[in-house]
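In the text below, chain A, chain B and the rest are named by the order of the sequence lines, each starting its count at 1.
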Amino acid sequence: MDRAQVIKQLQAIVPADAIISDPAGCRPYETDGLTAIRQQPWLVVLPETEAQVVAVVKLCAELRLPLVPRGAGTGLSGGARPHEQGILLGLSRMGKILELDPVRALARLEPGVRNLAISEAAAAHGLYYAPDPSSQIACSIGGNVAENSGGVHCLKYGLTVHNVTGVRVVMADGEVLELGGGSLDEPGLDLLALLCGSEGMLGIVTEVTVRLLPAPAVRQVLMAAFARVEDAAEAVSAVIADGIVPAGLEMMDQLAIAAAEDFVHAGYPRDAAAMLLCELDGVLAEVELDASRVQALFESCGATQVEHAVDPQAQARLWLGRKSAFPAVGRLAPDYYCMDGTIPRAELASVLNVIGDLSRKYGLRVANVFHAGDGNLHPLILYDANRDGELARAEAFGADILRACVVAGGTITGEHGVGVEKLDGMCVQFPPAALAQFDRVKAALDPDGILNPGKGIPTPSRCAEVGGMHVHGNRAPFAGLPRF
Amino acid sequence: MIRAGDSDDGARIVAAVEQAAAARKPLLVVGQGSKAERFAPPVAAARAERLSTLDHCGVLHYAPDELVLEARAGTPLAEIEALLARHHQVLPFEPPRLRGAGTLGGAVAAGLSGPARPWRGSIRDAVLGVELVNGLGERLRFGGRVVKNVAGYDLSRLQVGAFGAFGCLLSIAVRVLPAPTLTVTVHQSVTSEAALAQLAHLPARALPLTGTAFVDGRLSLRLAGAPRAVLAAAADLGGERVEGDLLWPALRDQQHDFFRPGDVRWRASLPPGTGALPGDAQALLEWGGAQRWYRAADAADAGNERLRGTDLAELGSAVRAAGGSLVPFAAVPWAQVSGPRAALQTRLRRAFDPHDLFSEAAG
């Protein structure tokens with residue numbers, strides 16, 4: 001394919017400054033949040049309107065050119081890795097909030113709008129957008145749709161799929177579909193659900209309508225320390241079994257707690273085997289009632305210490321430790337490897353034991369930080385890439401953790417997506433017939449396979465190796481971006 | 001015959017699908033048959049071979065402290081709801097028990113949600129995973145028992161409302177919620193315009209609402225949750241207060257007088273906050289006004305296109321102008337599309353069922 005020819009055809013479709021072909025200009029697009037995976041783009045195109053997106057897609061369809069969509073490029077699985085002979089389509093210039101309806105509590109957005117910007121705009125009306133992935137100051141709503149992003153508060157408020165009411169999407173042939181409309185349902189199959197989490201492989205989203213919620217009247221946080229991990233896991237189950245659905249329920253193990261406390265001095269119990277952070281929100285009467293129930297449950301499960309934070313400063317202090325956990329752990333070793341998997345809550349204690357055994361087997365320390373309420377784990381494997389064989393051991397350790405998640409009845413990815421990093425994990429989680437079913441679905445919507453090829457679904461012959469987010473020298477990709 | 005308890009009929013179901021695939025013979029999946037009157041099956045269903053799910057029943061996994069329940073498709077809803085009730089939990093989507101019956105598989109396939117839909121989410125929002133047999137006779141699992149799962153395409157949520165077009169559901173895992181401690185209904189006598197105006201402003205207020213209905217000049221609002229919040233909201237809204245009102249099961253199951261057989265003609269699905277439309281005064285308005293049912297002018301005449309209180313064409317225009325859809329009561333919703341979207345749906349269906357075993361009977 002002649003690149004100059006393609007550039008010429010693109011110049012008829014988008015403004016000249018929307019086409020980037022020089023190496024320096026392309027460099028920021030070489031990688032996403034998974035910086036271990038780099039690929040120089042063949043061409044970068046940055047459309048500003050849906051019409052431009054349609055025209056670019058149609059051109060790619062005509063030329064059978066691979067097309068890799070990219071939101072803010074904060075993804076952690078390499079889903080936005082460019083194709084060496086394709087177009088990297090960045091949606092960041094489509095960043096307008098088109099409409100915010102405070103009465104109907106809806107916001108209509110271009111795909112490049114930052115997740116946090118939605119809540120910031122809605123705040124003036126006492127509303128907010130609930131799904132809050134940790135990268136929310138930078139990640140885009142279009143990317144959130146592609147990954148079906150979650151966050152701390154998805155325990156109570158759901159994933160992106162539960163909070164999006166409609167999209168406009170450009171299909172692989174350039175056709176624009178409007179899914180979901182404004183109603184609670186519409187005639188037709190649920191293509192909107194299919195699109196959420198499809199990692200840019202089934203269509204390019206050009207508009208998203210999201211549901212806004214009234215900001216809770218009150219928020220309170222409880223922090224509890226436990227002498228045994230099993231006690232903390234039991235406490236998590238006890239809270240849910242009691243009929244309480246916290247806004248957030250997070251757990252950290254001893255290594256993570258100590259690292260966070262040394263880093264930000266949040267007042268954490270340094271010597272506790274495990275710590276829980278439980279956020280409750282709602283009207284004052286309900287929150288107060290739930291807080292006292294949660295405290296009692298924590299104590300009945302053996303909590304050695306419980307702190308109940310009512311005022312915003314105390315809450316912020318407690319959250320700071322959890323939100324600083326990744327960089328805090330990153331100070332403990334030259335490199336860390338962040339995994340992402342989900343398991344049923346009941347398996348928490350046993351999977352943590354397995355992780356502990358693996359840590360001894362591989363001779364590498366691991367800190368555990370997770371969204372305990374929904375069983376979404378983020379083990380952080382510490383290693384030194386400069387030491388012979390440690391990287392390989394870290395990767396093998398990570399692969400074993402993901403295998404353990406699948407064995408425990410969970411999944412290889414709770415929120416980061418498959419991208420390229422977890423293609424091998426897909427082989428562990430799904431039998432060949434299921435992978436073939438995924439392939440046929442893809443073929444039905446993108447027969448020429450031009451949308452984000454090589455991502456998400458492994459080819460049948462692929463061997464098993466799992467991966468994660470590498471961090472070298474405690475400099476995470478997007479170092480200014482919170483990761484927790 | 002409704003089988004209680006635990007029975008695994010998976011092997012027979014797979015074999016039946018394999019045989020149908022080999023013979024290119026269409027299949028009609030039937031649970032308790034509770035949807036048969038509600039949705040008019042296409043003519044093709046008459047020559048389809050019936051595939052019963054009733055012997056594939058039983059709860060496979062229920063963890064109250066994980067808010068997850070997984071059951072075989074033929075499990076009666078009544079059995080599931082009784083089990084959940086013993087643990088003070090509920091199916092958040094309140095599936096209708098049409099004709100007093102229904103299985104979990106049927107609920108998911110039909111994709112109907114009850115009065116709590118805008119506040120507790122739809123069935124699709126609650127589905128975590130499915131096992132199904134596709135049109136190739138392959139037994140496949142998608143999703144699982146956990147909410148946070150982004151591995152692969154979301155083929156489990158895709159099943160909701162598909163009327164089995166992708167294959168026969170064998171089992172479904174759903175998220176359940178704690179049962180509310182107190183449920184109270186308030187009733188107000190108002191016009192449909194006043195009701196809709198009030199309903200339009202509800203989303204931005206933090207009220208513990210789980211249902212709204214306007215019919216025959218009366219607006220009913222169901223509040224559920226912690227007693228203090230519920231009673232405060234009831235006082236705030238005003239009106240006659242009733243605890244444990246049977247209005248809601250009657251609406252859920254379409255047993256309410258409004259749904260006298262033959263009477264209801266059309267269903268509108270509208271953006272929340274949509275104002276008054278022609279004929280609303282004689283209609284049943286649910287879901288904060290987002291779901292509206294319209295009756296025929298003359299119940300005796302099956303082909304009658306006149307609606308009570310309005311003209312069909314006028315209503316259709318108004319619904320479309322509001323950004324909603326108006327669909328005949330008995331029509332299978334997923335098939336009511338045309339053009340590129342319909343073509344795409346056909347390709348997608350055939351990705352599961354290349355010989356169209358399941359679609360003829362599904363609509």
Among A/I240, A/I244, A/L284, A/L159, which residue has the highest count of heavy-atom pairs closer than 4.5 Å to chain B?
A/I240

Below 4.5 Å, heavy-atom pairs only: which of A/A436, A/G197, A/A433, A/G158 has the largest tally toward chain B?
A/A433

For the student: nearest non-hydrogen atoms of A/V418 and B/A151, plus distance
CG2-CA, 4.0 Å

Which atoms of [X] come close to chain A, meaning under 4.5 Å heavy atom to heavy atom: side chain ones, backbone ones, both, or neither?
X	result
B/E138	side chain
B/P64	backbone
B/A226	both
B/V147	both
B/L140	side chain

Given salt bridge (charged side-chain N to carboxylate O under 4.0 Å, His left out), test B/K148 with A/E147 step by step and report yes or no.
CA-CA 11 Å; B/K148 295 194 73 176; A/E147 301 294 333; over 6 Å; no

Using modelled atom types only, decide if a donor and an acceptor are shared between the side chain of [X] and the backbone of [Y] within a distance under 3.5 Å.
X	Y	result
A/S183	B/S269	yes
B/R228	A/A285	no
B/R341	A/L189	yes
B/Q291	A/D185	no
B/E66	A/A346	yes

Using a 4.5 Å cut-off on heavy atoms from C-beta on, say whether the side chain of A/V103 contacts that of B/H201.
yes

All N/O donor-acceptor pairs, side-chain side in residues 159-182 of chain B, below 3.5 Å, sequence neighbours left out:
unit_1: B/Q159; atom_1: NE2; unit_2: B/L155; atom_2: O; d: 2.9
unit_1: B/R175; atom_1: NH2; unit_2: A/L155; atom_2: O; d: 3.0

Neighbourhood of chain A inside residues 112-120 of chain B, taking heavy atoms under 4.5 Å as contact:
B/R117, B/P118

Any carboxylate oxygen within less than 4.0 angstrom of a Lys/Arg side-chain nitrogen, looking at A/D446 and B/R347?
no

